[in-house]
Amino acid sequence: MSVIGLKKANCKNCYKCVKVCPVKSIKVENEQAQIIDNSCILCGRCLAECPQNAKTLQSDLEKVKGFLKAGETVIVSLAPSYPGSFSFEAPGQLATAFQKLGFAGVSETSEGAAYVTAEYAQLVRDNTMKNIITTCCPSVNRLVEIYYPELVDQMAPVVSPMIAHARLLKQSIGKNIRVVFVGPCISKKDEAADMRHDTDVDAVLTFDDMTAWFQEAGIRAEDCEEGKFLNASSKIVRMYPITNGILETLRACGDAGNYHLMSVDGIAECKDLFEAMKRGEIDHCFIEINACKGGCVNGPAKAKDSTARFTSAIKVERYARSDADCYPATPEKLALSKKFFDRSPHEIIPDESVIRSILAKIGKETPEQELNCGACGYSSCREKAIAVYQNRAELTMCMPYMKERAESLSNYVLSETPNITIIVDSDMNIIEFNAAAEACFKISRREALEKGLYELIDVSDFQFVFETKQSITNKKVHYREYNITTEQSIIYIAKENIAMGIFRDITKEEKELENRYHLRVETMEMAQKVIDKQMVAAQQIASLLGETTAETKVTLTKLKNMIVFDGDEQ
């Protein structure tokens with residue numbers, strides 16, 4: 001199931017999503033990022049951090065509207081973090097807002113959380129597990145199953161509150177109803193589609209979805225009459241979406257036994273914890289784990305206009321404690337067990353020789369040349385090389401290498417071109433001076449970069465280009481002091497406000513033209529002498545033959561012109 005998609009037109013050579021992805025489950029192909037579905041933990045970091053909004057989120061909004069249009073009975077399972085994302089005077093107003101859209105009723109997901117916590121409490125009493133990892137966060141569940149499969153036996157074998165609540169609603173209201181979960185978490189979409197319980201939740205909408213839908217329908221919860229939720233108060237269980245909320249709920253449910261209670265949130269912290277658990281450093285702990293910092297109240301799909309994370313947590317906690325006198329009743333019998341599996345992709349890791357050969361292709365022949373700058377999104381050059389081998393990254397993602405390559409190519413072009421190339425800024429300071437220029441002006445590049453162009457040549461043409469923002473092309477200019485004639489083009493580069501002069505040395509060509517001209521003059525003079533001599537003879541012959549001198553002169557003049565201007569247009 002592809003929960004996160006891509007707008008290809010907006011994604012190009014950025015790598016921001018690769019940088020923020022905690023598990024590097026993003027493949028760069030043809031310079032564009034693609035989510036690797038089977039290894040993504042759906043934490044939503046790429047969605048939040050993408051500077052071009054190139055990531056898209058699959059939505060069930062039209063699907064839910066279809067349920068309502070078909071006249072089906074649709075019940076909302078509302079995540080307990082909703083006080084931090086919606087504005088209202090009383091919670092019941094939000095229930096009324098949902099009903100105005102056509103929903104048959106609204107029930108708080110925390111009702112299902114009461115059953116889940118009761119299962120946790122029983123696991124604590126049984127005291128048979130080395131550690132107990134709470135399994136309410138689908139992103140954490142995916143993190144363990146895909147990246148830390150050796151810990152699956154330490155995961156509480158219990159479904160999440162969302163699944164428990166959906167089963168409770170269908171058991172108590174009717175199995176033919178539609179249950180739509182509404183919350184701040186995008187990974188719930190994947191959990192709802194999980195074949196282990198894909199018939200319980202019929203659709204998942206985010207708080208973002210609902211905010212847009214309410215706006216589209218012109219509904220404001222704060223303007224609605226106060227309605228009622230389907231379930232009775234969930235009391236302390238409403239604490240689930242904030243840090244330590246599950247632990248407080250567990251304490252309220254009964255004795256936590258001799259397990260040490262821990263709370264960890266944030267993917268980086270979760271990974272650190274799991275590494276410690278792999279090493280056997282954690283023993284007999286009940287661990288509340290959330291992928292999002294501060295808990296579900298800070299989920300990636302919370303309403304955009306929601307308050308800051310700290311005030312959101314305060315709102316949720318105050319709401320939970322407003323009616324937390326005792327633990328809510330759990331009268332129903334529900335099937336809540338869940339089995340977790342090793343879902344790791346088992347990718348092949350290349351050997352050292354292959355890694356070194358990949359690194360060599362981007363100019364990293366030795367470990368000392370590995371900058372580990374992180375510009376590509378990977379923490380080290382080696383990690384990126386492994387990703388290249390696994391077809392998850394491209395060689396050209398290395399920014400220092402591409403910069404050096406571009407600079408070396410441009411330097412190569414400048415150094416190898418026979419044309420004199422000079423680049424100056426608007427103050428006529430020389431900022432580039434190639435090898436051909438060094439040879440012509442008898443000055444090194446280092447010395448030239450410390451000078452103004454006016455110290456070498458007349459800069460009037462360059463000044464014209466800067467003043468008019470117009471380039472000059474193919475203008476013939478003779479520099480007497482350097483004994484050189486050039487055909488020059490001065491190009492204005494607006495983006496950088498600089499001018500690039502490209503001078504083609506045509507001194508030899510001009511010399512050849514001059515030599516040809518002198519040769520023609522000499523030929524013309526010789527032809528004139530021949531004409532003069534022939535005129536005398538022609539006059540004598542003409543007198544004998546009766547031809548006129550004028551006709552003979554015309555004929556000989558044509559002959560002269562043919563000699564002098566041979567090959568030229570007349």
Side-chain angles (χ1 to χ4, degrees), residues 2 4-41 43 45-46 49-52 54-55 143 146-147 267-268 271 275 344-418 421 423 431-432 434-435 445 495-496 500:
S2 297
I4 301 174
L6 172 72
K7 298 176 188 174
K8 290 188 176 181
N10 289 7
C11 180
K12 187 82 169 179
N13 287 328
C14 171
Y15 316 137
K16 183 70 176 290
C17 56
V18 181
K19 293 177 185 177
V20 301
C21 179
V23 293
K24 301 295 179 264
S25 182
I26 294 177
K27 176 181 181 179
V28 177
E29 189 173 44
N30 297 324
E31 301 177 337
Q32 293 191 320
Q34 302 174 21
I35 305 297
I36 305 174
D37 292 329
N38 67 348
S39 60
C40 175
I41 62 172
C43 64
R45 289 285 302 279
C46 59
E49 298 292 339
C50 180
Q52 295 297 321
K55 303 295 186 297
L143 181 64
I146 296 172
Y147 296 96
I267 299 294
K271 292 172 68 176
E275 290 294 338
S344 56
H346 302 295
E347 292 180 302
I348 299 174
I349 304 297
D351 60 30
E352 183 64 20
S353 63
V354 173
I355 293 174
R356 291 249 57 92
S357 67
I358 293 172
L359 290 171
K361 291 179 181 179
I362 51 175
K364 303 184 188 305
E365 302 283 353
T366 64
E368 290 73 24
Q369 293 174 307
E370 297 172 25
L371 299 179
N372 300 325
C373 65
C376 62
Y378 291 90
S379 60
S380 69
C381 297
R382 290 178 62 82
E383 185 182 348
K384 187 251 187 176
I386 293 171
V388 170
Y389 177 82
Q390 296 171 343
N391 293 318
R392 292 187 288 114
E394 296 178 327
L395 274 173
T396 53
M397 288 168 61
C398 181
M399 295 297 102
Y401 167 70
M402 294 303 292
K403 180 176 181 292
E404 290 174 5
R405 184 184 179 193
E407 289 176 347
S408 65
L409 284 174
S410 62
N411 290 339
Y412 179 78
V413 171
L414 280 173
S415 64
E416 295 301 318
T417 179
T421 304
I423 302 176
I431 58 178
E432 189 52 75
N434 76 339
R445 180 177 179 274
K495 185 176 181 180
E496 303 293 335
M500 177 171 66

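Fair warning: this is a prediction, and the values are worked out from it, not measured in the lab.
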Mind checking the [atom1]-[atom2] spacing from [X] to [Y]? Nearest 0.5 Å is all I need.
X      : Y      : atom1 : atom2 : value
Ile355 : Lys364 : CD1   : NZ    : 14.5 Å
Ile267 : Cys43  : CD1   : SG    : 5.5 Å
Tyr389 : Ser357 : OH    : OG    : 10.0 Å
Leu371 : Ser380 : CG    : OG    : 12.0 Å
Ile35  : Ile26  : CD1   : CD1   : 4.5 Å
Ile41  : Lys271 : CD1   : NZ    : 8.0 Å

Run the numbers on Arg356 and Glu370 for salt bridge (Lys or Arg N to Asp or Glu O under 4.0 Å), then give the verdict. CA-CA 11 Å; Arg356 291 249 57 92; Glu370 297 172 25; 3.0 Å; yes
Please find the pair of heavy atoms, one from [X] and one from [Y], that lie closest to each other, and give the distance.
X      : Y      : answer
Ile423 : Met500 : CG1-CG, 3.8 Å
Asn434 : Thr421 : OD1-N, 3.0 Å
Tyr15  : Cys376 : CB-O, 3.7 Å
Val28  : Val18  : CG2-CG2, 4.0 Å
Cys381 : Leu359 : O-CD2, 3.6 Å

Has [X] got a side-chain atom pairing as donor or acceptor with [Y]'s backbone, closer than 3.5 angstrom?
X      : Y      : value
Tyr147 : Ser39  : yes
Gln369 : Glu365 : yes
Asn30  : Gln32  : no

Test item: [X] and [Y] side chains (from C-beta on) under 4.5 Å apart, heavy atoms:
X      : Y      : answer
Ile146 : Asn38  : no
Asn372 : Ser379 : no
Cys17  : Gln34  : no

What pairs meet the salt bridge (Lys or Arg N to Asp or Glu O under 4.0 Å) rule with one or both residues in residues 371-400, with sequence neighbours excluded? Glu347-Arg392, Glu352-Arg382
Taking atom CD1 as the centre, does Ile348 end up with more than 12 heavy-atom neighbours from other residues, nucleotides or ligands that are less than 6.0 angstrom away? no
Residues passing the side chain to side chain contact (heavy atoms under 4.5 Å, CB included) test with Pro51, sequence neighbours excluded, are Cys14, Lys16
